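See below for the structure under consideration.
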Amino acid sequence: MRNASPSTNVPLQLRDAVAAALALEPAIFGRAGAVDAAAAYPAADIAGLSGAGLLGACLPAAFGGVGLGHGAESADVLREVLRTIGRASLTVGRLYEGHVNALRLARHSPAALALLADEIAAGRISGVWNAERGEGLRAERIAGGWRLTGHKIHCSGSGAVRRPLVTARIGEQGPLMMLPEVGGERVDLSVWRAAGMRGTATGTVDFTGLVVPDAAVIGEPGDYYRSPGFSGGAWRVLAVQLGGLDRIMALHVERLGVRGGGDPVMRARLARAGAAHEAARLSVREAGRRAEGEGEPAAIDAYVDLARGGFEELALACIEATRRNVGLGSFIAPDPLDRALRDLETYLRQPFLDASRDNAAGWLLGHGGCFA
Ligand SMILES: Cc1cc2nc3c(=O)[nH]c(=O)nc-3n(C[C@H](O)[C@H](O)[C@H](O)COP(=O)(O)OP(=O)(O)OC[C@H]3O[C@@H](n4cnc5c(N)ncnc54)[C@H](O)[C@@H]3O)c2cc1C
């Protein structure tokens with residue numbers, strides 16, 4: 001399925017990006033139940049983001065954007081945009097975060113940015129497809145470009161994203177980033193029968209035989225994993241997930257309100273959930289500011305790694321308290337709380353969480369146990 005194609009991208013100032021996301025929040029939340037029930041790609045929501053200028057805002061100024069997601073000055077704005085969209089729908093937030101990530105990774109390549117700007121003008125998002133199984137995706141050098149063999153798994157937006165940023169192995173060197181043009185016929189969505197995040201269209205994509213010209217290649221082999229962009233950039237996922245936690249807290253409080261505020265045991269659980277949410281909020285804010293700042297790359301990686309592990313534990317504590325307080329109702333569709341909980345439980349499964357905790361522990365061991 002393709003995105004709807006509004007050519008109504010409006011120019012957006014950085015300072016207006018949060019207001020634009022807040023204006024879209026009720027409509028995206030209002031459609032989220034139908035998206036979940038049908039496991040349907042949220043085309044209308046992506047069209048809304050496009051029309052509000054939030055896809056184009058991620059381009060640098062030279063390409064008509066405002067550099068949302070490209071540095072310290074936009075860190076707080078980006079966090080609130082990602083959080084707001086995540087609060088409306090984690091599915092839409094996940095798709096938007098992939099788009100932000102692709103533009104961020106392409107930021108030093110004018111040719112790649114031009115390709116992505118064309119996608120944005122057509123109302124389409126991009127995304128980053130890195131996950132693979134077995135042999136994964138390989139690229140072989142040919143005249144003027146690269147020929148691809150293999151596939152990627154867990155590709156969000158597959159069938160709708162036409163220019164994903166993918167990583168492809170070239171011999172013994174680190175993977176190379178490129179922007180192949182991918183048609184829907186290469187996508188297998190039958191594999192996506194998830195409990196949550198059902199509308200993300202997270203499929204398997206076969207690239208075998210596709211040719212990518214040199215103009216669609218980004219940077220040098222290994223750039224994708226360069227520090228602190230790779231590990232540090234994970235703070236953006238936390239910002240979207242924080243929006244999911246906001247929604248869960250709001251619905252939790254609403255349900256206890258219906259029960260007259262609950263009994264003392266329920267109120268104690270609510271306080272535990274609230275403390276977890278607040279700790280998560282502060283940690284995501286600090287992680288974003290550090291990751292987008294000028295600090296030492298190893299310290300940024302370690303801080304965001306610590307925040308990722310901490311966020312998972314805090315979110316699980318918040319989910320547990322909510323499910324116990326609300327009871328069976330929190331498991332029954334079409335209650336939005338059921339969806340919000342399923343979505344966050346699914347989205348919390350992120351790569352290398354144990355390894356990132358281990359890296360954070362290594363940093364703490366070498367620095368007296370604290371971050372400055
Ligand atoms: C909704 C959603 C959308 C997604 N969209 C995308 C996308 O667009 N692009 C993309 O690239 N990916 C995407 N992903 C996939 C994501 O990047 C991860 O690959 C995936 O979530 C990993 O989850 P996992 O729990 O299977 O992790 P795994 O990495 O398989 O880990 C499972 C467990 O094994 C442990 N483990 C893993 N490796 C080792 C090891 N070597 N030694 C010891 N223990 C190990 C882990 O710590 C964990 O406990 C998406 C995921 C979700 C949930």
Side-chain angles (χ1 to χ4, degrees), residues 3 32 35-36 39-42 45-46 82 85-86 89-105 124-134 136-137 150-169 175-180 182 186-189 191-207 224-225 229-231 233-241 243-244 304-305 308-309 311-313 315-316 319 339-361:
N3 296 351
V35 165
D36 174 65
Y41 181 77
D45 300 327
I46 300 301
L82 292 170
I85 300 172
S89 158
L90 282 179
T91 288
V92 179
R94 205 291 82 169
L95 291 165
Y96 185 65
E97 191 278 326
H99 175 78
V100 173
N101 194 11
L103 282 150
R104 166 81 182 221
L105 287 164
R124 283 190 290 267
I125 56 165
S126 184
V128 177
W129 297 348
N130 177 53
E132 52 190 32
R133 190 178 290 136
L137 183 62
H151 64 274
K152 290 282 182 187
I153 60 171
H154 304 326
C155 303
S156 282
S158 52
V161 169
R162 197 178 70 175
R163 281 267 180 205
L165 187 153
V166 303
T167 49
R169 242 167 318 120
L176 190 57
M177 294 186 279
M178 46 186 77
L179 294 169
V182 184
R186 293 179 168 274
V187 171
D188 178 7
L189 269 173
V191 290
W192 190 241
R193 296 285 176 271
M197 307 295 276
R198 287 159 46 81
T200 51
T202 301
T204 296
V205 180
D206 186 356
F207 296 82
Y224 178 74
Y225 287 112
F230 179 70
S231 297
W235 80 269
R236 294 187 294 267
V237 174
L238 301 185
V240 178
Q241 292 177 342
V304 176
D305 280 344
R308 289 181 70 201
F311 187 97
E312 189 203 34
E313 285 165 24
L316 289 173
I319 288 169
R339 182 185 68 252
L341 290 163
R342 274 188 290 112
D343 281 351
L344 186 57
E345 284 164 338
T346 305
Y347 194 19
L348 281 175
R349 295 306 106 219
Q350 289 293 316
F352 319 125
L353 257 179
D354 295 336
S356 68
R357 277 195 186 91
D358 192 60
N359 181 52

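First listed ligand is number 1; within each ligand, the first listed atom is number 1. Keep in mind that this is a model prediction, so the values were computed, not measured.
- In this structure, atom 31 (O) of ligand 1 has its sub-4.0 angstrom surroundings free of protein heavy atoms.
- In terms of polar-atom proximity, Trp192 is not counted as a contact of ligand 1, lacking any N or O under 3.5 Å from an N or O of the ligand.
- In this structure, atom 49 (O) of ligand 1 lies nearest to the protein heavy atom Asp354 OD2, 3.3 Å.
- Counting protein heavy atoms only, atom 27 (O) of ligand 1 is closest to Gln350 O, 4.3 Å.
- Among all non-hydrogen protein atoms, the one lying nearest atom 14 (N) of ligand 1 is His154 CB, 3.6 Å.
- Protein heavy atoms come within 4.0 Å of atom 8 (O) of ligand 1.
- Under the 4.0 Å distance rule, the nearest protein heavy atom to atom 44 (N) of ligand 1 falls outside the cut-off.
- Looking at Val128 next to ligand 1, an N or O pair under 3.5 Å apart turns up.
- Residue contacts with ligand 1 for Leu353 are absent, since no atom lies close enough (heavy atoms, distance under 4.0 Å).
- Thr167 and Asn130 share a donor-acceptor pair across their side chains, judged by distance under 3.5 Å alone.
- Neither the backbone nor the side chain of Lys152 has a heavy atom within less than 4.0 Å of ligand 1.
- His99 has its side chain out of reach of Leu95: every pair of non-hydrogen atoms, C-beta onward, lies at least 4.5 Å apart.
- At a heavy-atom cutoff of 4.0 Å, ligand 1 is contacted by both the backbone and the side chain of Arg349.
- Checked against Glu312 for a side-chain contact (heavy atoms from CB on, under 4.5 Å), the options Gln350, Gln241, Arg357 give a single hit: Arg357.
- Within a 4.0 Å radius of atom 47 (O) of ligand 1, the protein has at least one heavy atom.
- Take Tyr224 and apply the ring pair (Phe, Tyr, Trp, His ring centres under 6.0 Å) test, not counting sequence neighbours, and it matches Phe230.
- Put simply, atom 25 (O) of ligand 1 has protein non-hydrogen atoms near it, under 4.0 Å away.
- Per-atom contact check: atom 3 (C) of ligand 1 touches the protein, criterion being a heavy-atom distance below 4.0 Å.
- For atom 17 (O) of ligand 1, the nearest protein heavy atom is under 4.0 Å away.
- Compare Gly199, Ala201, Ser158, Ser156 by their heavy atoms: the one nearest to atom 5 (N) of ligand 1 is in Ser156.
- Contacts of Thr202 with ligand 1, taken as heavy-atom pairs under 4.0 Å, involve the side chain alone.
- Between the side chains of Thr202 and Ser156, at least one donor-acceptor pair of N or O atoms lies under 3.5 Å.
- Between Asn130, Asn101, Thr167, it is Asn130 that holds the heavy atom closest to atom 11 (O) of ligand 1.
- Of the N or O atoms in Thr346, none lie within a sub-3.5 Å distance of an N or O in ligand 1.
- Here Arg342 does not pair with Glu345 in a salt bridge; the nearest charged N to carboxylate O distance is not below 4.0 Å.
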